[in-house]
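Report on one structure; see the data block that follows.
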Amino acid sequence: MSQTTATVVAQVSQQDMFKHVLNDPLLGSSIYVNIALAGLTLLLFVYMARSLTDPRAKLIVVSVMGVSAVSIASYTGLASGLTIGILEMPEGHAMYETTTELAHSGEEVDGTVSLWGRYLTWAFSTPFILLALGLIAGSNLTKIFTAIVFDIGIMITGLAAALTTSSYPMRWAWYGISVTFFLVVVYILLFEWPEDARQAGTADIFNTLKILTVVLWFGYTIWWALGNEGLAVIESVGLTSWGYSAFDIVAKYLFSFLVVKYVVDNVEKVSAGSDYGATSSAIPADD
Ligand code: RET
């Protein structure tokens, strides 16, 4: 075997990624700030909803609390180095043959940083957002299920787009599939649920939440295309990550705050009676 190459292709360990995040102020803050916010919002929502007794109102609140709970796990995954790694982009990608300097050691490694754990955990957090929206709109199980199924599809195919290193066009093919799924969710948000919400008497809050959601979710979609994993118009990993973190602050925490506040103040509008969700409405069997 001849030693023809001078570049050291170092294997990047989980510990390297953990230390890299910790030592890169921009990237690190985009992650650690969100762990703190997710924890604080969780406590705030427990406090705000402390006297709720109505089961359907509580279901909506628990649903948005699920978003913050998943968020803590999601960002902890990134901070710990578990769900973040260095990927070598295929030929044609703007980050092809790029190198990354590890913040703690100064060592150069081939590839760019991918925070792929985000896309994975969005598959668990965003269904809670849609469940809360669907329940507020008073929609039916079929539409809620459809929105959630396609939503999970967005995130898993988005994950595939981020992780594909075999071919540049294949990354965009995954992206295209993901956007197609996204349009199904947008359709439900813009054309199905507003009508349901009007009938349920929740059109005012629903429309606010709908606009917030549609605008921000398009923001995520466009940001991926512009960030270091897409066209790399924004090459900085820290900036790309902060973009998502900023969207998260509004799309998760502000969104959830508005939901909890509305539910606490308008229990009668979201209530379906104190037996909601109970199995006791079934006809009891004779002993
Ligand atoms: C990706 C890239 C592939 C194409 C599309 C995307 C959309 C992502 C969205 C994310 C929303 C995330 C939220 C997180 C809160 O926990 C995966 C970026 C369409 C819509 C709201």
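As the structure lists them, so they are numbered: ligands from 1, and atoms in each ligand from 1. Only a predicted model underlies this, so the values are computations on that prediction, with no experimental measurement involved. For reference, positions follow the sequence shown, starting with 1.
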Tabulating one pair per line, provide the atom names and distances (0.1 Å) for every N/O atom of ligand 1 that is less than 3.5 Å from a protein N/O atom.
residue  : atom   : partner : partner atom : Å
ligand 1 : 16 (O) : Ser125  : OG           : 3.1
ligand 1 : 16 (O) : Lys252  : NZ           : 3.4

If only atom types and distance count, is the side chain of Arg56 paired as donor or acceptor with the main-chain N or O of Tyr276 below 3.5 Å? no

Strictly distance-based, threshold 3.5 Å: is any side-chain N or O of Thr164 a donor or acceptor partner for the main-chain N or O of Ala161? no

Between Thr99 and Glu108, is there a donor-acceptor pair closer than 3.5 Å when you use the side chain of the first and the backbone of the second? no

Who clusters with Val215? Use side-chain heavy atoms, under 4.5 angstrom, across I, L, V, M, F, W and Y, and order the result by chain and number. Ile211

Contacts of Thr180 that satisfy side-chain contact (heavy atoms from CB on, under 4.5 Å) - sequence neighbours left out: none

My understanding is that only residues two or more places apart in sequence, or in another chain, count here; which of them pass ring pair (Phe, Tyr, Trp, His ring centres under 6.0 Å) with Phe181? Phe150

